[in-house]
Every structure is written in structure tokens, then in C-alpha cells.
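Ligands are counted one by one from 1 in listed order, and the atoms in each one are counted from 1 as well.
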Amino acid sequence: MAKLAIQPDKKISKIRREIYGHFSEHLGRCIYGGFYVGENSPIPNVHGMRTDVVEALRQIRIPVLRWPGGCFADEYHWMDGIGPKANRKKMVNTNWGGVTEDNSFGTHEYFELCEQLGCEAYVNGNLGSGTVREMSEWVEYITFDGVSPMADLRRANGHEKPWKLPWFGVGNENWGCGGNMLPEYYANEYRRYQTFVRNYNNAEHINKVCCGPNDSNYEWTRIVLENCFRSCDPSLHGNLDGLSLHYYVVPGPWENKGSATDFDEKTWYKTLSKAYFMDELLRKHSAIMDEFDPERKISLVVDEWGGWYDVEPGTNPGFLYQQNTVRDALLAGITLNVFNKHSSRVGMANLAQTINVLQSVILTEGADMILTPTYHVFDLYKEHQGNMLLESSIDTASIGMEEEYQLPWITESVSEGEDGVLHITLTNASLTEACPIDVEISGRKAAAVQGEIVCGAMAAKNTFEEPQRVTAEKFSDFRCENGALSLTLPPRSVLHMNVRTDA
Ligand code: AHR
């Protein structure tokens with residue numbers, strides 16, 4: 001028996017909607033075939049964007065979509081992707097399979113997509129192989145309303161009004177594919193490039209995201225921040241609004257990551273323990289950030305996260321296409337609980353990558369589309385978006401088959417909406433044991449409760465033949481009597497409960 005203690009009077013921080021964001025790169029079939037099929041496709045679309053995909057992502061209230069990469073971003077020259085499609089340059093996608101990129105999806109198409117999705121834009125600029133001028137002009141093209149060469153060019157290409165650009169990444173993985181830079185060097189480059197990312201329309205601030213660390217590279221975080229804060233007016237809190245963090249859960253060694261669908265019990269726990277490692281990463285990177293930014297004005301932006309396995313047999317190794325199972329549902333549920341708990345520092349997170357690449361929420365095959373177990377977890381957790389995180393804790397044992405790969409048996413997070421309804425999300429990582437839980441809500445009584453759950457066999461997945469094998473189902477294994485709430489959480493499960501309370 002575990003006890004979940006909730007303190008509704010202790011409100012910790014707002015859970016920004018952007019924590020539930022997604023990432024889309026020109027990689028494999030994420031953009032082409034995933035989001036975009038072109039106006040002339042027989043697949044139902046609006047201005048080239050797949051209708052089924054747009055509807056599915058609106059359903060989980062996608063708050064923000066990062067684009068165009070990833071490693072692709074630092075080789076992308078935005079001017080190649082504007083103007084009449086027939087005239088657009090073709091390029092080699094050197095990072096991802098060496099395929100031809102015809103640039104038919106560019107800036108206008110991306111903003112059209114964001115509009116259809118009802119989400120914010122997060123554009124990642126090219127610092128690795130682009131120029132300061134190129135980056136500066138892209139921002140001018142997107143955001144400037146007045147008369148200028150780039151605003152005029154945008155109008156000539158058919159878009160009179162500027163778009164909103166709340167987030168802009170100044171390079172991607174510049175410690176690796178984005179230029180193999182040392183932190184001191186990147187920090188200087190960052191300072192220079194970001195200077196020319198102008199807020200043309202003063203009222204609409206562009207949040208500049210500086211390239212942060214990979215994984216546990218704490219040295220990168222410290223050196224980049226030291227250099228960004230040197231000689232800066234403290235009232236500007238440095239010159240950045242966000243610092244990115246990339247962390248992928250890879251069960252095996254890089255050259256043999258392991259199958260997405262064929263794994264044993266030990267690998268299940270190892271994978272989920274690695275997912276929970278996100279908690280340590282956030283604590284340690286945040287502690288360094290606190291030294292420079294104690295008021296937590298700068299967001300940690302986890303703009304790439306998720307499980308990374310071997311590609312599906314017979315698929316292009318450069319396309320990173322992988323299936324998705326109940327293990328991924330747990331990976332997502334655990335990570336999202338961790339993000340909620342760190343919402344005083346984490347301002348955005350973007351799962352990699354929305355469709356057909358890595359831990360996708362959607363898979364497509366021609367005109368068909370299926371939703372993965374991870375999708376259903378995002379559907380459950382969407383209720384946390386914009387809520388206040390409440391103080392909560394659970395007394396739970398740790399679980400795992402190997403000493404070094406343990407994690408909490410149960411993870412939890414609790415938030416409160418503006419309407420006073422409590423949203424509780426729980427994960428049970430055990431392969432075999434259900435967990436009875438007493439919920440204690442300090443000073444309040446549970447009055448009305450509803451729950452939805454995602455669970456199944458450890459490698460259960462949805463396929464095009466059987467698309468509904470793993471979905472969100474109504475949860476009824478709880479008791480709510482005289483204001484007291486208790487429940488039994490089945491093994492291998494992710495649960496959301498909404499609880500109306502009386503004083
Ligand atoms: O998401 C796939 C790749 O992983 C991205 O392009 C890169 O930023 C990271 O290494």
C-alpha cells in the first residue's frame with residue numbers, strides 16, 4: 001500500500017503548456033508523408049497538410065512545434081524554401097539518409113501548419129553553417145510588419161502579415177552536428193548571432209534559446225552560462241531566455257540500441273530507469289542555472305527527448321523509424337511527471353519526433369494513420385497544461401532488476417486547474433505488481449472522480465492491422481467514500497484522474 005499526499009494549499013509553479021510540445025525535423029517521413037503530402041495528394045489535406053494528423057494533434061492540444069531540426073537546422077538555408085515551389089533549390093539531406101530535399105515544405109508551409117494546429121512556432125536557426133545575416137533576415141522575414149527588404153519579400157511571396165515567433169533557437173547541438181564547437185567558442189558565437197535576432201514588433205518578445213548540453217555535460221552548461229553572463233547588464237538576465245537540453249533514452253550501446261518491440265524484462269526496467277534519470281539531469285543542470293539566474297527567469301528547454309531504438313527491420317537506417325509500445329507509454333508518463341515536478345525551471349519540452357521518427361505519437365503508411373501508446377499518454381496528460389503544480393509526494397519503493405537501473409515503482413504529479421479540479425497522473429513501472437494507493441488531500445474531500453488509463457502487455461503496440469490494441473480506457477478501480485479516495489494501480493500503467501473536491 002502506498003500513500004499519495006497532496007497539499008492543495010502549496011502551489012509550486014505553473015506547468016507551462018509548452019512542456020507538452022513536439023519536435024519535427026526534415027528527417028525520414030516526419031515532414032514529407034507525415035505532416036505534409038502536398039495539395040495534389042489524394043490523401044485528404046488542407047493546403048498540403050494531412051487532415052487526419054492535424055485533427056489528432058489538435059485533440060492532444062499540441063502547444064508548440066519545433067522545426068526544422070535537429071541536425072538538419074544547421075545545414076538549412078531558409079531562402080531555399082520560399083517562393084514558387086518549382087524554383088526551389090534541391091539539396092542533399094546529409095544527416096538523414098542522403099536523400100534529396102526539394103524544399104517544398106519551407107517557412108510559409110511551416111507557419112500554415114502551426115496555424116492549422118493552433119500551436120506556437122519554435123523555429124531553430126542555423127548557426128553552424130549559416131551567417132549572422134541569414135539568421136537575422138529570417139527573423140525579419142517572419143516577424144517584421146513594416147517596409148523592409150525581407151518583409152517586402154514575404155509579401156511578394158503571398159503573405160501580407162507577419163507571423164508570431166515566440167521561440168527561436170540559435171543553433172542546435174553545436175557541440176556536435178551543429179559545428180563541433182567548444183563551449184567557450186559557441187557562447188561567443190551565440191552572443192554575436194543572438195544580437196541580430198531582433199524584436200521587430202516590441203510587444204511580441206522572441207524567446208531566444210541558447211544551445212545547451214547533451215545529457216549530463218554539466219561543463220557545457222556552466223561554461224556557456226559563464227560566457228553568456230560575462231559583462232552583461234544583470235537586468236537583462238544574460239542574453240538568453242532559454243537553454244536547451246537534449247536527452248535520449250537508449251537502452252543499449254549506441255551501435256546496438258535494442259529493438260523497439262522485442263525486449264526482455266531487464267531491458268524494460270533499464271529503459272524506464274534511464275527515463276527517470278531525467279530527474280537527476282534537471283536537478284543538476286537547474287542547480288548550475290540557479291547560480292546565474294536564481295529567480296528562474298531562464299527556461300530549461302528540453303527540446304529533444306524520448307526513446308531511441310534500432311530502426312524497424314528493413315527500413316532506411318537514416319530515417320529513424322521505430323515502433324512504439326507500452327514501454328514507451330511508461331517512458332512518456334514518467335518523463336512528463338518529472339517535467340511537471342520541475343516546472344519552476346522547465347519552460348518547454350519537445351518530444352522527438354512527432355510522426356514516423358523515434359518516439360512518435362503518430363505513425364503513417366500512405367493514407368493510413370495510427371496513434372501510438374505515447375499519443376494516448378499525451379492525451380491523458382494534456383489536462384495538466386497551464387495548471388498550477390501542487391506539492392505532492394508518494395511513499396514508494398524503488399524497482400528494477402539490476403542494482404544500477406532502479407527507479408521509483410510509482411511516479412506521480414498533481415496539478416490544479418483554474419476551476420479547482422485536481423489532476424493526478426501516476427505511473428506504475430512494475431511488470432507484475434498492482435499497487436493499492438490511498439490518496440490524502442490535505443484539507444479537502446474527494447467528491448467526484450473520473451479516471452482514464454493506458455496499460456497493456458509490456459511490448460503491446462498498435463499496428464495498421466490492429467490500431468486500437470493500446471488506447472486510453474475508462475478507469476474504474478477506485479473507491480471514493482465519505483471524501484476518502486483510494487485506488488489500485490495495475491502493473492505497466494499510466495493513469496490520469498480528475499478529482500473534484502469539497503472543502
Ligand atoms: O532527433 C534526431 C537527432 O538527434 C537530431 O537531429 C539531433 O539534434 C539529435 O542528435
Side-chain angles (χ1 to χ4, degrees), residues 21-32 34-35 64-76 91-99 101 105 110 122-130 167-181 186 190 209-217 220 224 242-251 253-255 257 260 274-275 278 281 300-312 315-324 328 331-332 335 348-363 372 374:
H22 291 270
F23 168 39
S24 58
E25 180 166 9
H26 288 238
L27 194 179
R29 297 184 299 116
C30 182
I31 298 289
Y32 300 110
F35 280 108
V64 58
L65 184 67
R66 178 176 181 240
W67 172 83
C71 296
F72 181 81
D74 278 290
E75 281 198 271
Y76 181 61
M91 67 180 276
V92 188
N93 192 334
T94 47
N95 285 289
W96 307 119
V99 295
E101 162 66 55
F105 188 97
Y110 168 68
Y122 175 15
V123 170
N124 211 113
N126 177 351
L127 179 144
S129 71
W167 301 91
F168 190 84
V170 184
N172 168 74
E173 295 197 350
N174 302 94
W175 36 260
C177 64
N180 284 303
M181 299 173 190
Y186 169 73
Y190 174 80
V209 181
C210 173
C211 170
N214 187 35
D215 201 324
S216 51
N217 189 346
W220 179 277
V224 165
L243 182 76
S244 67
L245 164 67
H246 288 184
Y247 174 59
Y248 286 99
V249 172
V250 185
W254 193 249
E255 45 311 331
K257 303 176 192 71
K274 287 187 168 197
M278 182 67 87
L281 289 176
L300 195 49
V301 172
V302 191
D303 55 18
E304 291 188 29
W305 69 273
W308 191 326
Y309 314 121
D310 292 337
V311 298
E312 290 306 307
T315 65
N316 187 329
F319 282 14
L320 310 186
Y321 177 73
Q322 65 188 41
Q323 249 292 1
N324 197 289
D328 295 289
L331 191 164
T335 307
M348 170 157 54
N350 310 77
L351 178 67
Q353 300 192 3
T354 329
I355 311 171
N356 296 329
V357 172
L358 299 177
Q359 190 174 346
S360 314
V361 288
I362 292 174
L363 301 176
T372 66
T374 301

L27-ligand 1 polar pair, N/O distance under 3.5 Å: no
Identity and distance of the protein heavy atom lying nearest atom 7 (C) of ligand 1: E304 OE1, 3.3 Å
Proximal ligand 1 atoms for C71, defined as those under 4.0 Å from one of its heavy atoms: 5 (C), 6 (O), 7 (C), 8 (O)
Interfacing atoms of ligand 1 (cut-off 4.0 Å, heavy-atom, Y248): 1 (O), 2 (C), 4 (O)
Under 3.5 Å side-chain donor-acceptor pair for T374 and Q359: yes
Sub-4.0 Å atoms of ligand 1 with respect to non-hydrogen atoms of N172: 8 (O)
Residue portion contacting ligand 1 (non-hydrogen atoms closer than 4.0 Å) for F23: side chain
Nearest heavy-atom neighbours spanning L363 and Q322: CD2-O, 4.1 Å
Contacts of type side-chain contact (heavy atoms from CB on, under 4.5 Å), residue V99, not counting sequence neighbours: N93, F319
Location of contacts on W96 toward ligand 1, heavy atoms closer than 4.0 Å: side chain
Under 4.0 Å to a heavy atom of Q353 - the qualifying atoms of ligand 1, by number: 1 (O), 2 (C)
Salt bridge R66-E25, side-chain N to carboxylate O under 4.0 Å: no
Within-cut-off N or O pair, E173 and ligand 1, under 3.5 Å: yes
Results of side-chain contact (heavy atoms from CB on, under 4.5 Å) for N180 - residues two or more places apart only: none
Atoms of ligand 1, numbered as shown, that sit under 4.0 Å from any heavy atom of G70: 5 (C), 6 (O), 8 (O)
L358 neighbourhood, listing ligand 1 atoms whose heavy-atom distance to it stays under 4.0 Å: 1 (O), 2 (C)
Plane angle bin for F72 and H26 - parallel if under 30°, tilted between 30 and 60°, otherwise perpendicular: parallel
